[in-house]
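Structure first, then comments.
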Amino acid sequence: MKKIINTAIVILATILLLPGCTGSDKDDGTITVGFSQIGAESAWRVANTESIRSEAAKRPNIKLIFSDAQQKQENQIKAIRNFIAQGVDVIAFSPVVETGFEAVLREAKDAGIPVILIDRAVDVQDDSLWVTFMGSDFVEEGRRAARWLIEKGYTNVKIVELQGTVGSAPAIDRKKGFEEVIKDHPGMVVIKSQSGNFTRSGGKEIMEAFLKTDGKEINVLFSHNDDMAIGAIQAIEEYGLAPGKDIIIVSIDAVRGAFEAMIEGKLNCTVECSPLLGPQMFDAVEALAKGESIPKKIVTEEGVFPQETAAEAIGSRKY
Ligand code: GZL
């Protein structure tokens, strides 16, 4: 009998010593991060994913579990639940929309797993459900787009607006910032506003509809991102007008495609929104692992790129 018990103890000890069988690989200092990305809807998102993946690859102590939600909230909720079940050390995600995450964030908190918000915010009653937010001030980005129009004298114009994903923080806040500034200029009128879901195809399709009903009236397009603006440029050309001249276009992100369009004279201004959040994301992860406190909000410094700066600036752009 004693021999059987001894053998069982040896077998159990061997299993527990197998790598990865200790329930957590924390013992070797590895930090496991579960990241739920929205999707690959725009050049901005692709650059954001590249920034996160490449930064994780540079840090040997980071194990990144990456999940692409294909712009579906239910996939993000599923991914977060999987991360909890796997017992990751940190959860990070870019919420596709602001609402509907309260329950799963509470599950993460109950499991003792800190959550970092990357790029987009959530609208929850209890701010203790997330540790920090890092990204841009979308309201200011909307203000900057409107201010650029006013500085250039476009103050008696009929405007069409391509909104981002319905219910997303950037769409809600960019619209809010833009309206906050134009409200003091009664000659600036938004005659149509609709979501193109941040994609080139969505921007083209909605701009075609705007042109069909209001083509002769439209003076300005305000697009919540460059990808929709690039799609709209195609629609404007197919309609027989000159984008950047017959219709003035201001958009947001400052991706490479926007600089190329500005150099061609087809886009007039892009407001910067940096996707390069990888380094600061993993700095926050490592600080958390050391038990250090981190700011509740980390807002990225950004600029505005009008057409006349595009040729000089494009060479130094990182996304
Ligand atoms: C903004 C980001 C937005 C970009 C779009 O930080 O959430 O989502 O403006 C992207 O290009 O799809």
Side-chain angles (χ1 to χ4, degrees), residues 35-52 68-73 75-76 92-99 101 116-123 130 132-145 161-178 195-207 221-233 249-261 267 269-278 280-281 297-305 317-319:
F35 180 67
S36 167
Q37 179 58 295
I38 286 176
E41 72 281 2
S42 63
W44 189 99
R45 188 64 55 198
V46 171
N48 179 244
T49 291
E50 172 52 27
S51 174
I52 289 164
D68 176 334
Q70 293 169 342
Q71 283 193 291
K72 292 188 176 66
Q73 179 172 34
N75 290 345
Q76 290 202 293
F93 80 123
S94 179
V96 61
V97 293
E98 284 191 339
T99 55
F101 286 104
I116 296 177
L117 299 179
I118 301 296
D119 166 36
R120 296 187 186 178
V122 285
D123 179 7
W130 50 275
T132 187
F133 161 85
M134 53 185 72
S136 305
D137 178 345
F138 300 134
V139 177
E140 181 56 20
E141 290 170 349
R143 294 192 193 105
R144 287 176 177 172
E161 180 181 24
L162 285 171
Q163 294 182 35
T165 302
V166 175
S168 69
I172 293 166
D173 288 352
R174 285 169 181 168
K175 183 171 178 51
K176 185 174 155 191
F178 188 82
S195 174
N197 207 22
F198 282 133
T199 64
R200 284 195 182 197
S201 58
K204 183 172 189 290
E205 184 192 324
I206 303 303
M207 192 67 201
L221 164 62
F222 165 48
S223 177
H224 289 190
N225 83 329
D226 293 336
D227 281 65
M228 292 191 292
I230 291 165
I233 284 168
I249 305 176
V250 56
S251 70
I252 300 176
D253 278 352
V255 296
R256 178 167 295 278
F259 285 84
E260 288 162 353
L267 180 71
C269 179
T270 183
V271 174
E272 187 178 31
C273 174
S274 176
L276 306 177
L277 298 171
Q280 55 189 313
M281 172 177 151
K297 269 189 105 168
I298 306 168
V299 179
T300 316
E301 286 299 311
E302 294 159 340
V304 178
F305 292 90
R317 300 299 299 163
K318 296 193 180 76
Y319 65 94

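Counting starts at 1 for both ligands and their atoms, following the listed order.
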- For residues Thr99 and Asp123, is any side-chain donor paired with an opposing acceptor at under 3.5 Å? no
- Regarding His224 and Glu141, is there a side-chain donor-to-acceptor distance under 3.5 Å anywhere? no
- Task: Look at atom 8 (O) of ligand 1 and say which protein heavy atom is nearest, naming residue and atom and giving the distance to 0.1 Å.
- Result: Arg120 NH2, 2.8 Å
- Message: Salt bridge check, Arg317 against Glu272: does any charged N sit closer than 4.0 Å to a carboxylate O?
- Response: yes
- Message: Between ligand 1 and Trp44, is the shortest N or O to N or O distance under 3.5 Å?
- Response: no
- Query: Does some side-chain heavy atom of Ile206 sit less than 4.5 Å from a side-chain heavy atom of Gln163?
  - Reply: no
- Item | Side chain to side chain, Met134 and Ile116, heavy atoms closer than 4.5 Å | yes
- Task: Check each heavy atom of Cys273 against ligand 1 and say whether those closer than 4.0 Å belong to the side chain, the backbone, both or neither.
- Result: side chain
Non-hydrogen atom of [X] closer than 4.0 Å to ligand 1:
{"X": "Arg174", "result": "yes"}
{"X": "Pro170", "result": "yes"}
{"X": "Asp119", "result": "yes"}
{"X": "Asp253", "result": "yes"}

Give the atoms of ligand 1, by number and element, whose distance to some non-hydrogen atom of [X] is under 4.0 Å.
{"X": "Phe138", "value": "1 (C), 6 (O)"}
{"X": "Glu41", "value": "8 (O), 10 (C), 12 (O)"}
{"X": "Ser42", "value": "5 (C), 10 (C), 11 (O), 12 (O)"}

- Task: If the plane angle is over 60° it's perpendicular, under 30° parallel, otherwise tilted; pick one for Phe101 and Phe93.
- Result: perpendicular
- Got a second to check how far Ile38's CD1 is from Ile118's CD1, nearest 0.5 Å? 11.5 Å
